[in-house]
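Along the sequence shown, residues carry numbers from 1. One-based numbering, in listed order, for ligands and for the atoms of each.
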Amino acid sequence: MSRIRQSGTAPEKTVRRAVTTLGLRYTVNNKDLPGSPDLANRSRRWAIFVHGCYWHRHAGCHKATTPRTNTEFWCNKFEHNVARDDAARAQLQRQGYRVLTFWQCELDTRAKVNGRLARLATQPRR
Ligand SMILES: [Zn+2]
């Protein structure tokens, strides 16, 4: 059930470590679920996305800059990313999943990460 790949970005690894510490089991990039969540647990119905602020356009974040050249191209690409994220989240929620999104810039506050994850740990089994 639990399958931990060696690959993954630093922010993903931070979240995985925190989830593992809480004793939660998960699969990584489950392709059977909408958007292939970075972490997910089907039986307990939660999914976690770990988003890079730049590619996924963290609103109001200083990391979400827009390139000065080919601006239209990049804006279209970013919009596509955000629309895909929204669609995946909505689809999962329709299937009864609790969906958490962690932004790259939020991950330096370990207490905050653990606080949000703890709510998954206490959620009753369906
Ligand atoms: Zn950010």
Side-chain angles (χ1 to χ4, degrees):
M1 161 88 205
S2 183
R3 187 175 66 91
I4 300 176
R5 275 193 330 191
Q6 288 303 306
S7 62
T9 61
E12 284 166 20
K13 285 178 186 170
T14 301
V15 174
R16 283 185 212 167
R17 241 192 330 267
V19 170
T20 303
T21 303
L22 287 169
L24 298 174
R25 297 166 67 84
Y26 59 90
T27 52
V28 173
N29 298 130
N30 190 336
K31 302 259 185 297
D32 296 336
L33 294 175
S36 308
D38 293 295
L39 285 74
N41 184 313
R42 292 186 88 141
S43 58
R44 294 190 69 114
R45 298 250 158 200
W46 56 257
I48 296 174
F49 291 97
V50 184
H51 283 344
C53 298
Y54 181 75
W55 287 108
H56 296 270
R57 308 322 278 168
H58 190 192
C61 179
H62 72 278
K63 289 180 194 283
T65 56
T66 303
R68 286 173 201 277
T69 55
N70 286 329
T71 305
E72 198 184 329
F73 167 82
W74 288 110
C75 286
N76 285 339
K77 195 169 174 61
F78 291 144
E79 265 170 44
H80 180 76
N81 284 351
V82 171
R84 203 175 42 195
D85 292 342
D86 287 348
R89 194 165 42 236
Q91 238 177 307
L92 282 163
Q93 281 166 345
R94 270 199 302 276
Q95 293 177 25
Y97 278 76
R98 295 227 320 175
V99 183
L100 281 186
T101 301
F102 285 101
W103 293 97
Q104 171 195 358
C105 67
E106 296 173 333
L107 296 175
D108 40 14
T109 321
R110 183 62 63 86
K112 198 170 155 191
V113 173
N114 285 342
R116 292 182 67 193
L117 289 174
R119 276 177 287 164
L120 291 182
T122 56
Q123 201 199 5
R125 189 180 282 276
R126 291 162 59 108

Please test Tyr97 against Arg89 for side-chain contact (heavy atoms from CB on, under 4.5 Å), starting from the C-alpha separation and ending with a verdict.
-> CA-CA 9 Å; Tyr97 278 76; Arg89 194 165 42 236; over 6 Å; no
Thr66-Arg57 side chain donor-acceptor pair, cut-off 3.5 Å =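 Yes, a side-chain donor-acceptor pair sits under 3.5 Å.
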His58: its N/O/S atom lying closest to the Zn ion (ligand 1) (atom name) |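 Answer by atom name: ND1.
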Heteroatom N/O/S of Cys105 within less than 2.8 Å of the Zn ion (ligand 1) |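 It does: Cys105 brings an N, O or S atom closer than 2.8 Å to the Zn ion (ligand 1).
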In one Ile/Leu/Val/Met/Phe/Trp/Tyr side-chain cluster, 4.5 Å: Val19, Val28 |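 Yes.
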Mind reading off the angle at the Zn ion (ligand 1) between the SG atom of Cys53 and the SG atom of Cys61, rounded to 10°?
->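 Here the angle at the metal atom is close to 110°, to 10°.
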Result of checking Leu24, Leu92, Leu100, Leu117 against Trp46 for side-chain contact (heavy atoms from CB on, under 4.5 Å) =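 Single pass found, and it is Leu24.
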